[in-house]
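Encoded as structure tokens, the structure appears first; notes follow it.
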Amino acid sequence: MTYWALVALATVTLSACGGATATGIEPAARRPAPAAVDNASQPGEPVAEPATFHSLGVRWAVRGDANSDAVIGVRYRRHGETTWREALPLFRTDPESVSDDNRVPGGWLFAGSIVDLAPDTAYEVTLALIDPDGGSVERTRHMKTGAEPREPAGMRVQHVVPAGAADRGPGTGTATDPFRGLRIAQGTAMPGDLFLVHAGVYREGTWTIDRHGTPERPIIYRGAGDGEAILDGGGRERLVSADGVKHVWLERLTLRRAQYLFVGHSGSHFVVRRCRLEVVEVGITAINGGYAESRGFVITDNVFQGLTTWPRTRGIEAAQGVSITGAGHVVACNRMSNLGDGVHGTGHGRLSASDFYNNDIEASTDDGIEADYSDTNVRVFRNRITNAFSGISAQPAHGGPLYVFRNAIYNVGYSPFKLHNDTSGVLIFHNTSMVNGIPWHIEPGGETVNDVVTRNNLFVGTRGPALRSTGAMIRCDFDRDGYGGAGDPGSLFGAFHVFAEWNGRKFPTPEAARRSGALYRRYGAVLVSARGNFASGLGAPGDSGTRFPGEKTDLRLDPASRAVDAGVVLPNFNDGFAGKAPDLGCCELGQPLPHYGPRP
């Protein structure tokens with residue numbers, strides 16, 4: 001049977017009996033579209049989201065489908081290839097949770113991503129809307145992943161040194177008569193200029209950038225390599241101010257001593273790469289920009305060093321590494337230490353179609369990564385988060401899908417994943433977390449948690465219950481995660497005698513939870529040993545107040561762990577797994593450890 005036939009079969013049977021789809025993920029329980037009276041689908045045209053280096057995303061507005069039984073299957077292939085590959089179906093977002101601009105009157109917004117793609121590569125993506133009530137249609141889009149920014153040939157090279165004595169003049173930008181100060185250099189900047197910023201301390205207060213580059217001819221400010229080039233804000237509010245600016249790069253510079261080191265509100269296509277940011281309050285902030293306005297920030301291979309201390313003693317601290325809104329952004333391979341939030345989410349603007357990956361985040365007194373206020377196709381993956389109050393936050397996601405996958409989380413004080421403020425549309429796959437305490441604690445008070453799907457995660461703690469939620473869990477699909485805790489697997493959580501607390505009910509065992517149909521419908525949970533799951537011998541932290549070195553938190557599985565071959569297939573998210581089935585957790589057995597932090 002073909003993939004499309006399986007999707008169609010799943011569509012027909014799910015509305016009647018709640019069975020599993022061909023992809024191993026069950027759609028949320030059926031609910032009517034607002035003001036929709038027609039069960040047949042009335043699709044518009046799918047829209048490609050801004051591409052990143054490794055991901056493609058689409059959104060598709062569909063009116064009708066009042067009984068919500070339509071499914072949109074996805075397959076893809078590289079340009080020139082003949083073999084199609086499967087991806088997860090598009091995600092049906094909750095109309096009551098999405099942002100105002102994403103609401104579809106009388107219908108639904110579907111959205112979804114294809115991940116782990118090659119950069120700078122053309123793909124053919126086919127979407128098949130299948131509705132047994134009518135309106136089925138297939139659409140194909142030709143899309144291309146982005147490429148890491150590369151310096152164009154033929155740049156005009158200019159030279160800059162710190163401002164000196166006034167009688168020496170402003171300089172002309174040559175190697176023998178360099179510009180004396182960044183302000184003077186910036187005042188002459190034209191698209192295609194490469195400014196080599198020579199060693200020294202640049203004490204110019206707030207440096208305002210107001211000249212734009214172009215896509216083909218950016219303006220680049222780069223440390224010259226003859227020693228550290230330091231931009232010193234002298235305690236001012238802003239160090240680099242670049243509101244609304246486009247296509248400007250900062251590379252190999254040190255930014256220090258300002259409340260905000262870089263501000264690029266409503267700007268686009270900035271590159272901040274291989275810089276050192278000594279954070280007082282905020283490293284990089286570029287918010288207030290809308291979906292179409294702020295595009296394509298590239299923030300990679302930087303070091304963010306803050307002033308907070310571990311363990312957390314002063315509650316939530318304002319220090320942030322990166323805070324951005326807009327779409328098409330990449331925040332990757334950075335090292336972030338001693339901050340409140342490594343990545344901070346904000347309601348001042350909207351965030352979609354952006355990637356946060358391979359960051360090494362350590363000692364966050366609030367959240368390692370906040371994907372708060374995300375709309376569609378935000379992806380948080382392969383990050384290492386060590387010593388944080390909370391690992392990854394979604395409070396809230398606005399309908400999603402927000403993808404959180406293959407992250408390594410060690411020693412969080414509260415919970416690996418924060419699902420607060422009526423969050424909606426979070427897909428949590430293949431993560432590993434080890435904590436001192438309840439393995440996964442979801443405590444949003446009386447707020448709702450709706451349309452959250454989990455698969456193949458591995459949670460290890462020191463006490464029970466394994467899973468505890470105090471919020472109203474609505475249309476959530478938690479099925480096939482692994483849990484380990486105190487005691488042996490037969491009495492996993494010792495004297496607690498409770499496996500899970502969910503929507504006011506207690507379940508003594510995973511099997512009781514599965515039989516109830518309230519928590520698991522098909523697969524159920526996997527119990528693993530409290531110890532011996534990782535080849536490194538790493539166990540759960542004995543004291544959450546200890547500062548554990550991130551580079552020693554190796555969460556690759558031991559071949560003897562019950563997590564091996566215990567997962568379910570998720571097309572595109574665990575292709576190429578070894579053994580009988582995918583493994584639970586962030587690292588497939590036999591695969592090398594991902595590189596976290598700045599690349600060589």
TODO: Indicate the ring-plane relationship of Phe297 and His329, choosing parallel, tilted or perpendicular according to the 30° and 60° boundaries.
DONE: perpendicular

- [ ] List the atom of Gly399, the atom of Thr93, and the distance in Å for their closest heavy-atom pair.
- [x] O-CG2, 3.4 Å

Open item on the list: Arg384 vs Glu362, test: salt bridge (Lys or Arg N to Asp or Glu O under 4.0 Å). Steps then yes/no.
Closed with: CA-CA 8 Å; Arg384 180 170 65 191; Glu362 193 268 326; over 6 Å; no

Task: Gap between atom CD1 of Ile409 and atom CG of Leu458 - 0.5 Å precision - done: 11.5 Å

Open item on the list: Regarding Arg379 and Asp116, does a basic nitrogen lie under 4.0 Å from an acidic carboxylate oxygen?
Closed with: no

Open item on the list: My understanding is that only one of Trp249, Phe270, Tyr202, Trp207 makes a ring-ring contact (aromatic ring centres under 6.0 Å, His included) with Tyr221; could you say which?
Closed with: Trp207

Open item on the list: So, taking the atom named OG in Ser561 and the one named CG in Asn533, what distance separates them when rounded to the nearest 0.5 Å?
Closed with: 3.5 Å

Open item on the list: Does Thr254 form a side-chain hydrogen bond (donor to acceptor under 3.5 Å, both in side chains) with Glu228? I'd like the steps, not just the answer.
Closed with: CA-CA 7 Å; Thr254 295; Glu228 192 174 13; 2.6 Å; yes

Open item on the list: Under a 3.5 Å threshold, yes or no: a donor from one side chain and an acceptor from the other, between Glu293 and Asn288?
Closed with: no

- [ ] Examine Phe573 together with His430 and report whether their ring centres are nearer than 6.0 Å.
- [x] no

Task: Atom pair NE2/CD1 of His265 and Ile287 - distance to nearest 0.5 Å - done: 5.0 Å

Open item on the list: Using the rule side chain to side chain contact (heavy atoms under 4.5 Å, CB included), only one of Leu261, Val240, Leu277, Val201 pairs with Leu231; which is it?
Closed with: Val240

TODO: To the nearest 0.5 Å, tell me how far Glu251 CD sits from Glu151 CD.
DONE: 8.0 Å

TODO: Measure the CG-CZ distance between Asn574 and Arg455 for me, rounded to the nearest 0.5 Å.
DONE: 11.5 Å

Task: Heavy atoms of other groups near Arg252 CZ, more than 12 under 6.0 Å - done: no

TODO: In sequence, state the C-alpha distance, the side-chain angles, and the governing distance for Glu278 and Arg257, and then conclude on salt bridge (Lys or Arg N to Asp or Glu O under 4.0 Å).
DONE: CA-CA 7 Å; Glu278 299 178 2; Arg257 295 217 306 153; over 6 Å; no

TODO: Answer yes if the ring centres of His269 and His247 are under 6.0 angstrom apart, and no otherwise.
DONE: yes

- [ ] Describe, in one word, how the ring planes of His441 and Tyr414 are oriented to each other, choosing from parallel (under 30°), tilted (30 to 60°) and perpendicular (over 60°).
- [x] tilted

- [ ] Please state whether the rings of Trp440 and Phe459 are parallel, tilted or perpendicular, taking 30° and 60° as the class boundaries.
- [x] parallel

TODO: Show your reasoning for whether salt bridge (Lys or Arg N to Asp or Glu O under 4.0 Å) applies to Asp120 and Lys144.
DONE: CA-CA 7 Å; Asp120 197 20; Lys144 188 177 182 180; 3.4 Å; yes

Open item on the list: Given the ring of Tyr291, does Arg59 sit roughly above its face, with NZ or CZ under 6.0 Å from the centre of the six-membered ring and within 45° of the axis?
Closed with: yes

Task: Whether His159 and His198 hold their rings parallel, tilted or perpendicular, with breakpoints at 30° and 60° - done: parallel

Task: Partner of Glu370 by side chain to side chain donor-acceptor pair (under 3.5 Å), out of His344, Gln395, Lys418, Gln320 - done: His344

Open item on the list: Taking the ring of His79 and the ring of His142, is the distance between their centroids below 6.0 Å?
Closed with: no

Open item on the list: Please report the interatomic distance CG(Leu250) to CZ(Arg274), rounded to the nearest 0.5 Å.
Closed with: 15.0 Å

Open item on the list: Regarding Asp301 and Arg599, does a basic nitrogen lie under 4.0 Å from an acidic carboxylate oxygen?
Closed with: yes

